[in-house]
Amino acid sequence: MADPGTGRMSPTAPMELLVRGGTVVDRTGSRRSDVRVVEGTVVEVAEGLEAAPGATVLDAGGCVVSPGFVDLHTHLREPGREEAETIDSGTRAAALGGFTAVVAMPNTEPALDSAESVRNVHALAQGAMAHVAVAGAITVGRAGERLAPMAELAALGVRIFTDDGDGVQSAGLMRRALQYAMDLDVTLAQHCEDKSLSGGGVMHEGAWSSRLGLPGQPSEAEEVMVARDIALARATGGRVHFLHLSTAGSVELVRRARAEGVPVTAEVAPHHFTLTDACACGFDPVFKVNPPLRTDADVAAVKAALADGTADAIATDHAPHAPELKDLPFDEAPPGMLGLQTALALAVTELALPIEHIVALLSWQPAAIARLDGASGGTQGGDVAPGRPANLAVVDPVATWVVDPAALASRSRNTPYGGRTLTGQVRHTVLMGEPVVIDAEAQR
Amino acid sequence: MLSSAKCWAGDLVSAFPKHLLAMDDLDAGAIGEVLRVTDSFAEVGRRANPKVPTLRGRTVATLFFEDSTRTRMSFETAAKRMSADVLSFAAGSSAVKKGESLRDTIETIQAIGMDAVIIRHRSSGVPARVASWVEGCAVINAGDGWHQHPTQALLDLYTVRQSLGGGDEGLARFAGLRVTIVGDIRHSRVARSQITAYAALGADVTLVAPSTLLPPSLEGWPVASVSHDLDKVLATSDVVSLLRLQAERGSGEYVPTMREYTAGYALTARRALELPPEAVILHPGPMIRGVEIASEVAELPSARITDQVGNGVAVRMAVLFLLLGQPASLEHMSEPPDSEPIGGPAPEGGPRG
Ligand SMILES: [Zn+2]
């Protein structure tokens with residue numbers, strides 16, 4: 001399929017599905033409603049609906065029924081690192097996390113920098129448990145030297161481009177990429193890290209890196225690239241999406257740019273609003289991530305950004321790594337942590353925000369940035385209303401559960417939250433009318 | 001907040017710890033104990049047959065992923081003088097196979113059955129990780145990355161205590177002692193251990209370095225002051241501890257040239273004259289004469305660099321004893337030594353605990 005966001009009923013969806021007893025939350029507000037889905041499309045949203053004979057009924061008592069979640073930042077690792085994750089295992093994790101679409105990052109092996117590689121992922125993602133939207137690379141091989149064939153990728157439905165894993169180091173090339181992206185009406189997403197400042201830094205540079213004798217990445221390594229790209233977005237008019245903002249300074253730069261009307265958007269990863277650089281004290285690489293875990297003040301700042309609209313989305317930066325790689329010394333281990341199955345619960349547990357605000361950050365706001373929303377011809381993040389594609393997340397906002405790394409659907413185990421008790425659980429996930437998750441169990 | 005980890009310097013240890021990973025593992029009481037036990041083992045070292053049965057039947061492994069013949073020999077000599085069986089795994093040897101993960105190597109060693117593993121690694125934190133993987137086996141950090149090198153700091157303390165008169169009186173004189181640490185503190189595991197060690201005993205620590213060679217943050221460090229002018233602090237330094245500057249850091253990346261570094265931060269003969277008469281000069285080695293320290297300064301009686309090397313074995317024996325020694329062997333320690341070729345050392349008054 002050319003565009004994974006286009007509407008099509010799942011072949012395994014039941015004819016009729018009734019989501020009963022929940023509170024529907026979407027952009028229009030919240031109301032007590034049942035939701036009737038027929039052949040993958042929402043047909044009725046009202047209280048007291050009766051199930052037709054043979055219909056599948058999902059109990060949503062005490063739950064919020066929202067448009068399915070959209071992850072702007074997922075590393076599915078296929079092709080190239082299938083021992084860590086596959087499209088199959090990664091989208092199962094996504095479904096269990098309430099996501100009905102993920103944006104697959106292009107730092108696979110090979111990188112997603114050609115029409116052939118994008119077609120390959122689209123083919124592998126047929127029948128996956130969540131829609132897979134591909135982010136294309138900005139530069140060939142993500143090497144930061146020559147522009148990738150962005151028009152060819154855009155023709156295949158790619159709407160967002162990034163060299164994630166690295167930032168585009170050359171300001172000149174980034175400026176040209178933005179000009180070219182405007183012609184194609186696509187968005188560039190930046191992993192902000194100036195390598196001349198981050199150097200070999202393996203954690204946040206500060207009190208903890210100094211004590212532990214580990215090379216650090218200063219906050220400025222992120223902030224100078226945020227500032228640079230704001231200037232470039234302002235000058236060119238091209239859209240820049242900031243991936244995983246982690247510092248108080250970055251957040252403030254974006255806040256001012258948005259007030260000024262510069263076309264920038266931003267996401268925050270759950271680990272950046274839940275964990276700090278103090279977690280590195282035992283040298284366990286499960287806490288190594290890039291951008292690194294920052295300070296208490298940064299955690300407070302990114303939380304404030306999510307609260308006041310400076311940040312548009314919670315994005316997981318789900319980054320699976322095989323266990324043996326996380327047994328390496330801290331400085332040698334690859335950065336990254338799992339995120340898909342814990343994102344909603346971490347948001348509920350750690351953000352003092354109403355559930356309506358949290359699902360906005362997880363659903364329709366990221367869907368719009370990814371251009372997977374109805375306005376862009378996609379199926380994601382739309383209102384729960386008759387005629388709409390049935391992509392739904394059903395969330396129990398008060399249920400508690402304990403994170404068991406071994407029980408996660410990912411092929412990898414690198415969650416920093418093992419043993420934590422979290423509040424907020426994804427109960428059911430509906431993908432184009434198919435209940436892919438029922439009672440927190442994957443159905444295939 | 002989910003983090004709120006309390007791992008730094010945290011709660012003071014009362015008993016001797018299970019592992020020696022960082023100087024933070026030892027409080028003033030534990031440091032005093034190490035130094036007192038070191039006195040006993042130094043005495044053993046002066047015997048014709050410097051061997052005791054203290055660790056007979058115990059197995060100690062040295063696991064050096066980074067070359068350091070000097071430190072490895074010091075530990076192995078210490079273990080052998082205590083009659084332990086010593087297994088040596090060196091980087092590049094067949095025992096540490098290429099491609100075998102650190103964890104596999106440790107599991108192999110654990111399967112063989114070790115009482116202690118002594119680890120040197122180029123990466124900070126490896127001894128701490130290993131300590132989290134092993135059971136019933138003491139881990140001793142013999143230097144990890146820029147992080148810690150606790151036995152080096154302990155032997156510096158021992159050397160200074162000797163020059164302060166030795167024994168508990170020498171130990172008491174650390175209170176208010178003015179210690180100046182000069183050089184590449186940013187990249188130094190020795191400095192990180194020294195600072196904690198001196199401060200634990202009540203010394204006032206001054207760091208002297210160009211800003212580019214200081215750690216990015218000194219928040220929470222037990223440091224009395226920081227200076228970028230060595231000449232101003234010499235007259236008030238009771239101990240000057242010099243650190244090595246690697247040539248690549250003195251060639252434009254951190255300081256413009258070695259010449260500028262030497263001009264500002266080397267202990268030259270002229271600067272040595274500014275020190276108080278009783279001052280002690282230390283260098284963890286290997287020294288680069290003419291860069292951090294002038295040759296003639298290294299030869300001064302106040303430079304206790306060879307003492308540092310000699311004391312290394314006794315300090316490491318003490319650490320092995322305190323980590324592995326059974327209570328029963330404490331009794332044995334206090335038996336007077338005689339002409340037997342193998343016997344326990346006799347500390348004055350015996351180790352306290
Ligand atoms: Zn990234």
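All chains are named by letter (A, B, ...) in the order of the sequence lines, taking the proteins before the strands, and each is independently numbered beginning at 1.
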Legend entry - Interface moiety of His187(B) toward chain A, non-hydrogen atoms closer than 4.5 Å: neither

Inset, instruction - Can you tell which part of Arg186(B) gets under 4.5 Å to a heavy atom of chain A, answering side chain, backbone, both or neither? - result: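 Arg186(B) touches chain A through side-chain heavy atoms alone.
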
Donor-acceptor contacts under 3.5 Å from residues 332-347 of chain A side chains, at least two apart:
{"unit_1": "Glu332(A)", "atom_1": "OE2", "unit_2": "Arg122(B)", "atom_2": "NH1", "d": "3.0"}
{"unit_1": "Gln341(A)", "atom_1": "OE1", "unit_2": "Ala409(A)", "atom_2": "N", "d": "2.7"}
{"unit_1": "Thr342(A)", "atom_1": "OG1", "unit_2": "Gly339(A)", "atom_2": "O", "d": "3.4"}

Side chain, backbone, both or neither of [X] within contact of chain B (heavy atoms, under 4.5 Å):
X: Asp327(A); answer: both
X: Glu205(A); answer: side chain
X: Pro215(A); answer: both

Legend entry - Among the listed options Gly145(B), Gly125(B), Ala22(B), the residue most often paired with chain A at heavy-atom distances under 4.5 Å: Gly125(B)

Inset, instruction - List the atom of Glu219(B), the atom of Ala207(A), and the distance in Å for their closest heavy-atom pair. - result: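 Where Glu219(B) meets Ala207(A) most closely, the heavy atoms are OE1-CB, 3.7 Å.
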
Inset, instruction - Say whether, by atom type as modelled, one donor and one acceptor occur between the side chain of Arg211(A) and the main chain of Ser217(B) under 3.5 angstrom. - result: no

Inset, instruction - May I ask you to decide if Pro329(A)'s main-chain N or O and Ser123(B)'s side chain share a donor-acceptor pair within less than 3.5 Å? - result: no

Legend entry - Contacts of type ring pair (Phe, Tyr, Trp, His ring centres under 6.0 Å), residue His19(B), not counting sequence neighbours: none

Inset, instruction - Supply the atom-to-atom distance Ser124(B) OG to Leu212(A) CG, rounded to the nearest 0.5 angstrom. - result: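 Rounded to the nearest 0.5 Å, the OG-CG separation comes out at 8.0 Å.
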
Legend entry - For chain A, which residues of residues 197-216 of chain B have heavy atoms nearer than 4.5 angstrom: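 Residues of residues 197-216 of chain B touching chain A at under 4.5 Å: Pro215(B), Pro216(B).
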
Atom [atom1] of residue position [X] - does it have more than 12 heavy atoms of other residues, nucleotides or ligands inside 6.0 Å?
X: Glu248(B); atom1: CD; answer: yes
X: Arg81(A); atom1: CZ; answer: no
X: Asp404(A); atom1: CG; answer: yes

Inset, instruction - Name all pairs fulfilling the salt bridge (Lys or Arg N to Asp or Glu O under 4.0 Å) condition that reach into residues 127-137 of chain B, sequence neighbours left out, sorted by first residue then second. - result: Asp284(A)-Arg129(B)

